[in-house]
Amino acid sequence: MQLEKVYEPQRFEPHWAQWWIDAGIFHADVKSDAPVFSLVIPPPNVTGSLHIGHMLEHSLIDCTVRWHRMRGDNTLWLPGTDHAGISTEMMVVRQLASEGTSRNEIGREKFIERVWKWKEQYGGTIIRQMIRMGTSCDWSRERFTMDSGLSRAVREVFVRLWEKGLIYRGEYMVNWCPRCQTVLSDLEVKHEETAGHLWHIRYPVVGTDRYLVVATTRPETMLGDTAVAINPRDARYFELHGKTVMLPLMDREIPIILDELADPKFGTGAVKVTPAHDPNDFEAGKRHDLPKIKVIDENARMTAEAGRYAGLDRFEARKQVVADLEQRGLIEKIEDYTLSVGRCERTKDIVEPLISTQWFVKTKPLAEKAIEVVESGKIGFIPENWTKVYYEWMYNIRDWCISRQLWWGHRIPAWHCQDCSKINVAREEPRNCCQCGSARLVQDTDVLDTWFSSQLWPFSTLGWPDDTEDLRKFYPTSLLITGFDILFFWVARMIMAGMEFMGEVPFHQVYIHGLVRDAERQKMSKTKGNTIDPLVVTEKYGTDAVRLALLMGAAPGTDIVLSEERMESTRAFANKIWNAARLIFMNMERSGVQPWVPEDLQAYRPEGDEGHVRDEDRWIFSRLSEVAEFVNLAIGQFRYHEVAQELWHFFWHEFCDWYLEIKKAQLKPESGMTADWRNLLAAFEAALRLLHPVMPFLTEEIWQRLAPATQARPKSIALASYPKQSDAWKTSPGQLKIRYLQNIMSSARTLRTEMKLDPKVKLTGVLYSQRPELHDAAKYYEGIIQTGTNVTLDPSYDPAPQSGAVISWPEGDIELNVPQSNLAEQRKRLEKEREQLEKNIANSTRQLGDETFLSRAPAHVVESIKTKLVDYETQLAKVRKALNGSSS
RNA sequence: GGGCGCGUAGCUCAGUUGGUUAGAGCGCCUGCUUCACACGCAGGAGGUCACAGGUUCGAGUCCUGUCGCGCCCACCA
């Protein structure tokens with residue numbers, strides 16, 4: 001069983017991914033046979049876009065799924081809308097690629113064909129979801145005819161809301177994107193501070209020779225003005241009440257109205273009113289029954305109403321209008337002004353407020369229940385501070401414009417009667433108008449906002465509106481893992497929809513992770529093009545390394561900075577695990593040991609020949625127990641980064657650096673299976689299981705080689721149980737001895753390095769200590785100490801009194817025979833140590849002399865300081881002695 | 001305008017409910033190609049925890065203020 005010197009992830013990852021699918025092991029629904037493709041493997045560029053941000057979510061979801069799976073918690077269900085689709089894409093492309101079809105040749109048709117094959121094969125819930133979630137996966141419309149499940153749910157929801165009066169249609173001011181040619185919801189408009197101007201324009205007051213000066217940031221809209229507003233309490237303009245002005249350039253007489261819209265403190269205190277092109281003006285227009293003159297059209301060009309400006313682009317028109325006004329001396333002044341400009345999230349085009357007829361959902365009644373379930377704790381956010389953000393939005397929620405002028409999506413199930421204009425809203429296409437019976441019905445051409453269907457995800461994917469087994473079993477789900485960027489778009493609306501249509505929350509916990517940023521802290525996004533290509537980095541560093549890099553940064557509430565350096569270090573860790581396995585397998589061969597793992601993994605106890613269990617075995621098992629306890633707790637609390645760090649430290653710096661180093665010396669060639677071997681293999685196997693959720697591919701590969709095929713055992717490490725803390729492992733007098741060993745060895749090494757001694761030079765040293773266990777340990781591990789430090793500890797050795805080469809720790813100290821010439825360095829360190837110790841002693845003494853401290857601090861704190869003080873003093877005595885010795 | 005968050009080692013970040021000498025990775029310095037691993041081993045340097053107050057026996061951690069940075073929401077012409 002030879003392993004290569006360097007771990008090559010590419011060789012194993014696709015193999016295991018395929019294996020897992022075939023075995024149907026990974027389920028979001030861990031009880032059913034539906035595979036969940038939340039493995040982090042390279043995605044395609046073919047059928048959709050994916051960026052590293054999704055991979056974070058995959059990693060979190062997959063890590064959690066595996067952990068729950070291994071613990072035997074079979075009720076977990078993790079929603080993840082787009083991600084299911086994208087993961088499947090990744091799987092498909094990988095598989096097709098392995099069959100010889102290159103990524104570029106795959107294309108949508110082949111892709112769909114394969115997905116359908118899988119659907120037949122597995123009947124997977126996830127695949128069903130992916131197909132139903134067409135819109136958010138950018139699938140083409142014909143998909144919906146293939147599986148009408150979601151379309152049905154959407155129509156059902158629409159009809160129900162309509163019947164309850166929660167959907168209405170009306171003429172409103174909406175955000176229009178001239179490039180997309182569609183209306184946008186408020187959430188899709190991003191406001192940006194932009195340098196602009198404030199033009200002060202003179203409007204001649206009819207019947208007088210004075211002007212009323214209005215200030216505007218958009219002079220071109222004046223062509224559509226139908227009034228000028230002043231504040232009724234504004235004393236400057238009392239005499240203008242009831243008068244009219246002549247709109248320049250258009251020569252239209254328009255009234256001066258009294259309205260709170262005008263803020264006396266802003267600009268000139270007078271506002272031009274353009275009801276057709278400004279939301280505020282629109283409202284004012286309704287109050288004063290003003291005509292709405294549309295001067296800008298859907299292409300952002302001036303309309304015929306704009307007179308001689310008709311046909312001009314809106315910004316061209318602005319220049320022209322300003323020029324014309326200037327020519328007529330009607331510009332009073334132009335100020336620099338910073339204003340907030342709304343732009344389309346996707347195209348960055350400046351959004352034009354237009355009046356149009358759209359469909360809206362009344363959100364207030366829906367929001368009430370959604371607020372209540374969070375207040376009552378039925379839904380919790382992690383980290384908690386997101387609850388505030390959620391409330392903030394929910395309390396101030398505004399009606400939701402759900403219609404879009406696109407063809408890519410679910411069409412609104414409404415039919416307009418060509419004869420009586422009645423709107424027929426229905427689940428199925430009606431033949432006749434419900435009011436006049438006419439057959440001349442035309443379906444509304446608008447489609448629904450993609451989030452309208454997305455909000456139904458938690459139940460529509462389970463078969464709703466039918467009363468299915470899935471629905472009964474899996475609704476509500478336990479946990480949603482997602483990014484905060486879609487908290488309002490998706491999460492909040494899922495809660496509203498869940499309460500409205502299921503009468504129950506859709507999930508109980510929402511874990512909100514940070515965003516992935518690049519090394520420059522830029523948010524990674526498709527549109528910015530600064531994404532790290534997952535294809536490239538997983539190829540380069542390996543999937544496990546990329547995933548671990550993501551997990552290590554995933555502290556709740558913080559963003560994740562992903563860099564190549566990070567992935568380099570996690571790759572090094574992967575390689576470390578690989579090489580630990582390599583060491584073990586090589587030695588197994590030498591010793592003639594066959595693959596073996598304990599029958600009952602959790603119940604295994606370190607054993608020994610002749611009734612003697614080695615200290616290092618006791619120690620490593622007690623550490624395994626502690627680490628398992630920590631990790632189980634931490635994953636349950638979504639502290640993935642601490643999990644990763646703990647496992648890292650344990651495996652590298654305890655298992656490899658100490659345990660394997662010690663074991664190496666214990667294992668004998670041709671020994672056959674011994675207690676030493678059983679302990680080592682059991683410990684290693686447990687460590688692999690602990691690591692599995694964060695390093696799935698690698699641990700699977702090694703585990704499969706470690707566990708004999710013949711033995712009755714789970715088919716995959718992912719089906720084995722996750723290690724728990726164990727009393728059988730924890731009883732450990734060995735722990736102390738190993739600590740002594742570590743102390744002895746690091747002391748000897750430190751001493752050597754500080755004295756700048758050639759590592760090849762053999763040294764003799766003597767160990768001073770009052771504790772017999774320490775001498776026991778030194779004797780017991782003699783060989784290891786010698787190989788590890790090149791120092792022989794000889795109790796009978798009597799160093800020269802002036803040697804001064806001493807390193808001490810609370811339980812003991814070591815003195816080496818070093819040449820006099822190397823002592824200067826040592827003195828420096830001792831001086832420094834003495835200073836530190838004196839400072840510590842002063843501190844501790846002061847604290848212990850403080851009555852208030854003694855009376856108020858808890859006993860264990862006082863006690864620990866007392867013990868520390870004793871240690872410091874012992875130490876100081878040793879250091880002083882060494883210093884005196886070396887100076888004499 | 002409202003809300004949220006951040007400021008800890010050269011860099012990127014951890015730091016559970018306040019408790020002793022504040023951690024990790026990368027980078028840096030020194031020494032090692034020792035038969036698992038140079039994607040390695042051993043040792044080491046480096047921090048007034050943004051600043052100023054306060055609460056406390058005790059503050060990186062809690063409170064107030066200041067400065068700097070970021071994000072979200074909002075119809076101020």
Side-chain angles (χ1 to χ4, degrees), chain A residues 3 5-7 173 186-187 191 198 214-218 221 229 261-263 266-268 270-274 278-283 337 339-340 342 353 385-386 388-389 392-393 396 484-485 487-488 515 519 521 523 541 545 549 552-553 555 557-561 563 565-566 568-587 633-634 637 639 641-642 645 648-649 656-657 660-661 664 745-746 749-754 756-760 787-789 836 839-840 843-844 847 850-858 860-861 864-865 867-869 872:
Chain A
L3 302 189
K5 199 167 174 181
V6 172
Y7 174 57
M173 178 79 28
D186 293 326
L187 286 175
H191 293 269
L198 197 57
V214 300
T216 179
T217 55
R218 301 194 57 194
T221 62
L261 173 70
D263 176 359
F266 187 91
T268 59
V271 198
K272 56 194 270 320
V273 181
T274 323
D278 182 279
N280 289 318
D281 296 3
F282 177 78
E283 292 302 321
Y337 186 72
L339 69 159
S340 167
N385 57 298
W386 287 104
K388 265 189 195 166
V389 181
E392 192 66 27
W393 192 67
N396 301 309
F484 64 79
D485 46 338
L487 183 64
F488 306 137
L515 262 39
R521 292 203 59 82
K523 176 176 165 180
Y541 300 104
M552 289 193 84
T558 57
D559 285 346
I560 294 179
V561 176
S563 61
E565 288 81 51
R566 247 161 214 278
E568 273 169 22
S569 79
T570 48
R571 177 183 60 183
F573 182 59
N575 194 49
K576 187 72 184 176
I577 300 172
W578 183 251
N579 273 289
R582 196 162 165 250
L583 168 77
I584 290 169
F585 290 145
M586 282 169 100
N587 276 288
L633 191 69
Q637 296 172 349
R639 282 149 45 210
H641 63 301
E642 290 182 47
Q645 195 174 315
W648 179 299
H649 180 264
C656 290
D657 287 355
L660 284 185
E661 288 303 325
K664 245 187 334 191
M745 290 184 72
S746 351
R749 284 168 177 161
T750 309
L751 215 46
R752 288 199 81 114
T753 316
E754 277 188 353
K756 301 196 194 308
L757 294 170
D758 186 333
K760 290 197 189 82
T787 358
T789 61
Q836 185 60 51
K839 215 171 85 189
N840 290 345
N843 269 340
S844 304
Q847 272 190 297
D850 187 342
E851 278 307 318
T852 17
F853 171 73
L854 291 177
S855 60
R856 295 199 192 175
H860 73 272
V861 173
S864 72
I865 288 181
T867 342
K868 271 275 143 95
L869 182 59
Y872 291 147

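A, B, ... follow the sequence lines: proteins, then strands. Residue 1 opens every chain.
- Residue Asn385(A) contributes atom CG, which lies 17 Å from atom P of C71(B) at whole-angstrom precision.
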Check nucleotides 39-41 of chain B against the protein and report each pair of N or O atoms closer than 3.5 Å, with its distance, or say if there are none.
from   : atom 1 : to        : atom 2 : distance (Å)
C39(B) : O2'    : Asn575(A) : ND2    : 3.1
C39(B) : O2     : Arg571(A) : O      : 3.3
G40(B) : O3'    : Lys576(A) : NZ     : 3.3
C41(B) : OP1    : Lys576(A) : NZ     : 3.0
C41(B) : OP1    : Trp652(A) : NE1    : 2.6

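- C6(B) and G44(B) are spaced 32 Å apart, taking the C1' atom of each and rounding to whole Å.
- With contacts defined as side-chain heavy-atom distances shorter than 4.5 Å, the pair Phe488(A)/Val389(A) qualifies.
- Taking 4.5 Å as the limit, some side-chain heavy atom of Leu198(A) sits within range of a side-chain heavy atom of Phe266(A).
- Distance Phe484(A) CZ to C73(B) P: 10 Å, rounded to the nearest Å.
- In this structure, Leu261(A) reaches the bases: a heavy-atom distance under 4.0 Å links it to at least one base atom across the strands shown.
- At whole-Å resolution of the value, CZ in Phe266(A) and C1' in G1(B) are 14 Å apart.
- Summarising the geometry, the separation between CG on Leu660(A) and C1' on C35(B) is reported as 16 Å, rounded to the nearest angstrom.
- The listed nucleotides are A77(B), C73(B), A36(B); the one nearest the side chain of Thr217(A) is A77(B).
- Atom CE in Met552(A) sits about 7 Å away from atom C1' in A24(B), given to the nearest Å.
- Shown here for Arg749(A) and Gly788(A), the closest heavy-atom pair between the two residues is NE-O, 3.4 Å.
- Per the geometry, CG belonging to Asn396(A) stands 9 Å off P belonging to A74(B), to the nearest Å.
- Shown here are the side chain to side chain donor-acceptor pair (under 3.5 Å) partners of Asp186(A), two or more places apart in sequence or in another chain: Asn175(A), Arg398(A).
- For the pair Glu661(A) CD and A36(B) C1', the computed distance is 9 Å after rounding to whole Å.
- Among the protein residues, Arg566(A) comes within range of the nucleic acid bases, having at least one heavy atom under 4.0 Å from a base atom.
- Spacing between A14(B) and U8(B) at atom C1', rounded to whole Å, works out to 10 Å.
- Two residues are said to be in side-chain contact when any heavy atoms from C-beta on lie closer than 4.5 Å; Glu283(A) and Met173(A) fail this criterion.
- Val389(A) comes within 4.0 angstrom of no nucleic acid atom, judged by non-hydrogen atoms across all strands.
- Between Pro353(A) and Arg218(A) the shortest side-chain heavy-atom distance falls below 4.5 Å.
- Comparing A45(B) with G60(B), their P atoms are spaced 22 Å from each other, to the whole Å.
- Under the 4.5 Å side-chain criterion, counting only non-hydrogen atoms from C-beta, Ile584(A) is in contact with Leu660(A).
- Residues Trp648(A) and Thr570(A) form a side-chain contact, since some pair of their non-hydrogen atoms from C-beta on lies under 4.5 Å apart.
- Protein atom CZ of Phe282(A) is 18 Å distant from nucleotide atom C1' of C76(B), rounded to whole Å.
- Between Glu661(A) and Lys664(A), at least one side-chain N (NZ, or NE/NH1/NH2) sits under 4.0 Å from a carboxylate O, which counts as a salt bridge.
- Phe853(A) places a side-chain heavy atom less than 4.5 Å from the side chain of Ile865(A).
- Considering CG of Asp281(A) and OG1 of Thr221(A), their distance stands at 7.5 Å, rounded to 0.5 Å.
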Report each atom pair, protein N/O against N/O of nucleotides 14-22 of chain B, whose distance is under 3.5 angstrom.
from   : atom 1 : to        : atom 2 : distance (Å)
A14(B) : OP1    : Thr558(A) : OG1    : 2.9
A14(B) : O3'    : His641(A) : NE2    : 3.4
U20(B) : N3     : Ser864(A) : OG     : 2.8
U20(B) : O4     : Ser864(A) : OG     : 2.6

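- With C1' as the reference atom, U66(B) and U30(B) are 44 Å apart, rounded to whole Å.
- A stem is defined here as three or more consecutive Watson-Crick or G-U pairs, each with both distances under 3.5 Å; for RNA chain B these stems are B:1-7 with B:67-73, B:10-13 with B:23-26, B:28-32 with B:40-44, B:50-54 with B:62-66.
- Atom-to-atom distance recorded for Leu487(A):CG and Trp386(A):CH2 is 6.5 Å, nearest 0.5 angstrom.
- Residue-to-nucleotide proximity on RNA chain B shows that, of Asp263(A) and Met745(A), the 5′-proximal contact is made by Met745(A).
- For U55(B) and A59(B), the C1' atoms lie 10 Å apart once the distance is rounded to whole Å.
- Residues satisfying the side chain to side chain donor-acceptor pair (under 3.5 Å) test with Glu642(A), not counting sequence neighbours, are Arg639(A).
- One finds the NE2 atom of His860(A) at 11.5 Å from the OG1 atom of Thr867(A) (value rounded to the nearest 0.5 Å).
- Nucleotides G25(B) and U20(B), compared at atom C1', are 27 Å apart to the nearest Å.
- Here the NZ-CG distance, from Lys272(A) to Leu261(A), works out to 11.0 Å after rounding to the nearest 0.5 Å.
- Residue Phe585(A) holds its CZ atom at 8.0 Å from CH2 of Trp578(A), rounded to the nearest 0.5 Å.
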Tabulate atom names and distances for all N/O pairs under 3.5 angstrom spanning the protein and nucleotides 28-32 of chain B.
none

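- Residue Lys5(A) is in sugar-phosphate contact alone, with no base atom involved, counting any heavy-atom pair closer than 4.0 Å across all strands shown.
- Only the C1' atoms considered, A22(B) is 15 Å distant from U16(B), to the nearest whole Å.
- Annotation: G7(B) and C51(B) have their C1' atoms spaced 11 Å apart (nearest Å).
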